[in-house]
Amino acid sequence: MRKIAFGSVVIGIAVAAALAFVAPVWLAVLIGVVVGGPAAVSGWLGLRRRVWLDGPLLCSRGLRTRRLRMPEVVTAELTIRTAGIDQISLRLYDGRTPVVVPLALYTKGGGRELPILALRTLADSLWTTELVPAAAIASVLVDQLRAEARDAGLDERPLYRAVDLVRSKGRTPQATLTDREVAQLLD
């Protein structure tokens, strides 16, 4: 993201400098901002985005910081977005604040998942809620950890099986798993 932000700023400055020789300076600067600005802002926002647990609070920082109290969660859902890169996210809501936690990204040949410690901490915090779907999702995360510990292939990992489940049912490009489908992910 740093490279994208820095590269866009450099391209915007280069375009503005080149145009300053043939156009008014204000127009050259405006065109440079239009060319380099959107990608630079996007890169900066990507660098800023973070999700972390702070005791019973799940904090998410993007444009602004949101804080969700885990024991007060009223909605917990696994959402799958299928495209060239498949994304599995956990959507939580405590009645006031929605927070989305990206859990894994998969392509046809592999993928990237949350680190083991982050998955374990998230599963532990989901157990603090009184919500049955949150407990089921915590069990799926624990099964994911077990699969990672034994170095299981993608087909044996619950989060990847969620993507297969959604694709096999033809529910694309965005789907939310039902409670029954979450239960099917458990070994």
Engineer: Using side-chain heavy atoms (C-beta onward) and a distance below 4.5 Å, is Thr176 in contact with Arg91?
Structural biologist: yes
Engineer: Would a single hydrophobic cluster contain both Ile13 and Val35, if residues Ile, Leu, Val, Met, Phe, Trp and Tyr are joined by side-chain heavy-atom contacts under 4.5 Å?
Structural biologist: no
Engineer: So do the side chains of Glu72 and Arg96 get within less than 4.5 Å of each other, counting heavy atoms only?
Structural biologist: yes
Engineer: What is the distance from atom CG of Asp124 to atom CG of Leu53, rounded to the nearest 0.5 Å?
Structural biologist: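 If we round to the nearest 0.5 Å, Asp124:CG and Leu53:CG are 9.5 Å apart.
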Engineer: Check the pair Thr128, Val73 against side chain to side chain contact (heavy atoms under 4.5 Å, CB included), reporting the backbone distance first and the verdict last.
Structural biologist: CA-CA 9 Å; Thr128 66; Val73 166; over 6 Å; no
Engineer: Donor-acceptor pair, distance only, cut-off 3.5 Å: does the side chain of Ser139 make one with the backbone of Ala135?
Structural biologist: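 Present.
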Engineer: How long is the gap from CG on Asp54 to SG on Cys59, to the nearest 0.5 Å?
Structural biologist: 5.0 Å
Engineer: With rounding to the nearest 0.5 Å, note down the distance linking CD in Gln87 to OG1 in Thr79.
Structural biologist: 7.0 Å
Engineer: Salt-bridge test for Asp143 and Arg146: reply yes if a basic N is under 4.0 Å from a carboxylate O, no otherwise.
Structural biologist: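 Arg146 and Asp143: salt-bridged.
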Engineer: Ser89 and Pro102: which non-hydrogen atoms are nearest, and at how many Å?
Structural biologist: OG-CA, 3.9 Å
Engineer: Nearest 0.5 Å please: distance from the CD1 atom of Ile31 over to the CH2 atom of Trp26.
Structural biologist: 8.5 Å
Engineer: Would you find more than 12 non-hydrogen atoms of other residues, nucleotides or ligands less than 6.0 Å from Ile85 atom CD1?
Structural biologist: no
Engineer: For a 4.5 angstrom cut-off between non-hydrogen side-chain atoms, does Leu141 reach Leu114?
Structural biologist: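 When only atoms from C-beta onward are counted, Leu114 and Leu141 do not touch, as no gap falls below 4.5 Å.
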Engineer: Among the clusters formed by ILVMFWY side chains lying less than 4.5 Å apart, do Leu103 and Leu165 turn up in the same one?
Structural biologist: yes
Engineer: With a 3.5 Å distance limit and no angle check, can you tell me whether Asp94 reaches the backbone of Thr97 through a side-chain donor-acceptor pair?
Structural biologist: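 Yes; judged by distance alone, with no hydrogens or angles, the pair exists.
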Engineer: Strictly distance-based, threshold 3.5 Å: is any side-chain N or O of Arg66 a donor or acceptor partner for the main-chain N or O of Pro98?
Structural biologist: yes
Engineer: According to a hydrophobic-cluster definition based on side-chain heavy atoms being under 4.5 Å apart (Ile, Leu, Val, Met, Phe, Trp, Tyr only), do Leu131 and Met70 belong together?
Structural biologist: yes
Engineer: Looking at side-chain heavy atoms only, is the closest gap between Leu186 and Val140 below 4.5 Å?
Structural biologist: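 They are in side-chain contact.
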Engineer: Answer with yes or no whether the hydrophobic clustering places Val142 together with Val182; edges join I, L, V, M, F, W, Y residues whose side-chain heavy atoms lie under 4.5 Å apart.
Structural biologist: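 In one cluster with Val142: Val182, no.
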Engineer: Treat each ILVMFWY residue as a node, draw an edge where side-chain heavy atoms are under 4.5 Å apart, and state whether Leu78 and Val101 are in one component.
Structural biologist: yes
Engineer: Check whether Asp151 reaches the backbone of Glu148 with its side chain - one donor and one acceptor, N or O, closer than 3.5 Å.
Structural biologist: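 Not at all, since once roles are kept as given, no pair shorter than 3.5 Å links the two residues.
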Engineer: Return the minimal non-hydrogen interatomic distance between Pro133 and Ala76, and the atom names on each side.
Structural biologist: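 Pro133 and Ala76 have their closest heavy atoms at CB-O, 3.8 Å.
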Engineer: Hey, is the main chain of Glu156 close enough, under 3.5 Å, to the side chain of Arg161 for a donor-acceptor pair?
Structural biologist: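 Yes: the side chain of Arg161 pairs with the backbone of Glu156.
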Engineer: Identify, with sequence neighbours excluded, every residue that meets salt bridge (charged side-chain N to carboxylate O under 4.0 Å, His left out) alongside Lys169.
Structural biologist: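 Scan of Lys169 (salt bridge (charged side-chain N to carboxylate O under 4.0 Å, His left out), adjacent residues dropped) gives Glu181.
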Engineer: Do you know which two heavy atoms are closest between Leu154 and Gly110, and how far apart they sit?
Structural biologist: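 Nearest pair, atom of Leu154 first, then Gly110: CD1-CA, 3.8 Å.
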Engineer: A side-chain contact here means heavy atoms from C-beta on lying under 4.5 Å apart; do Arg69 and Leu57 qualify?
Structural biologist: yes
Engineer: Using side-chain heavy atoms (C-beta onward) and a distance below 4.5 Å, is Asp179 in contact with Val132?
Structural biologist: no
Engineer: In Å, rounded to the nearest 0.5 Å, how long is the span from CG of Asp164 to CG of Leu159?
Structural biologist: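 Here the rounded value is 12.0 Å.
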Engineer: What heavy-atom pair brings Pro56 and Pro71 nearest, and what distance separates the two atoms?
Structural biologist: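 Closest approach of Pro56 to Pro71: O-CD, 3.8 Å.
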Engineer: Counting distance only, does the side-chain N/O of Thr65 pair as donor-acceptor with the main-chain N or O of Arg61 below 3.5 Å?
Structural biologist: no
Engineer: Nearest heavy-atom pair of Pro158 and Gln144: which atoms, and what distance?
Structural biologist: CD-OE1, 3.2 Å
Engineer: Indicate the atoms forming the closest heavy-atom contact of Tyr106 with Val163, along with that distance.
Structural biologist: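 Tyr106 and Val163 have their closest heavy atoms at CD1-CG2, 4.2 Å.
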Engineer: Can you tell me how far the CD1 atom of Ile88 sits from the CG atom of Leu90, to the nearest 0.5 Å?
Structural biologist: 11.5 Å
Engineer: Is any side-chain heavy atom of Val34 less than 4.5 Å from a side-chain heavy atom of Val15?
Structural biologist: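 No, their side chains stay 4.5 Å or more apart.
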Engineer: So, does Ser42 use its side chain to make a donor-acceptor pair with the main chain of Pro38 at under 3.5 Å?
Structural biologist: no
Engineer: State, with a plain yes or no, whether a side-chain heavy atom of Leu126 is found less than 4.5 Å away from one of Leu92.
Structural biologist: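 Yes. Closest side-chain heavy atoms under 4.5 Å.
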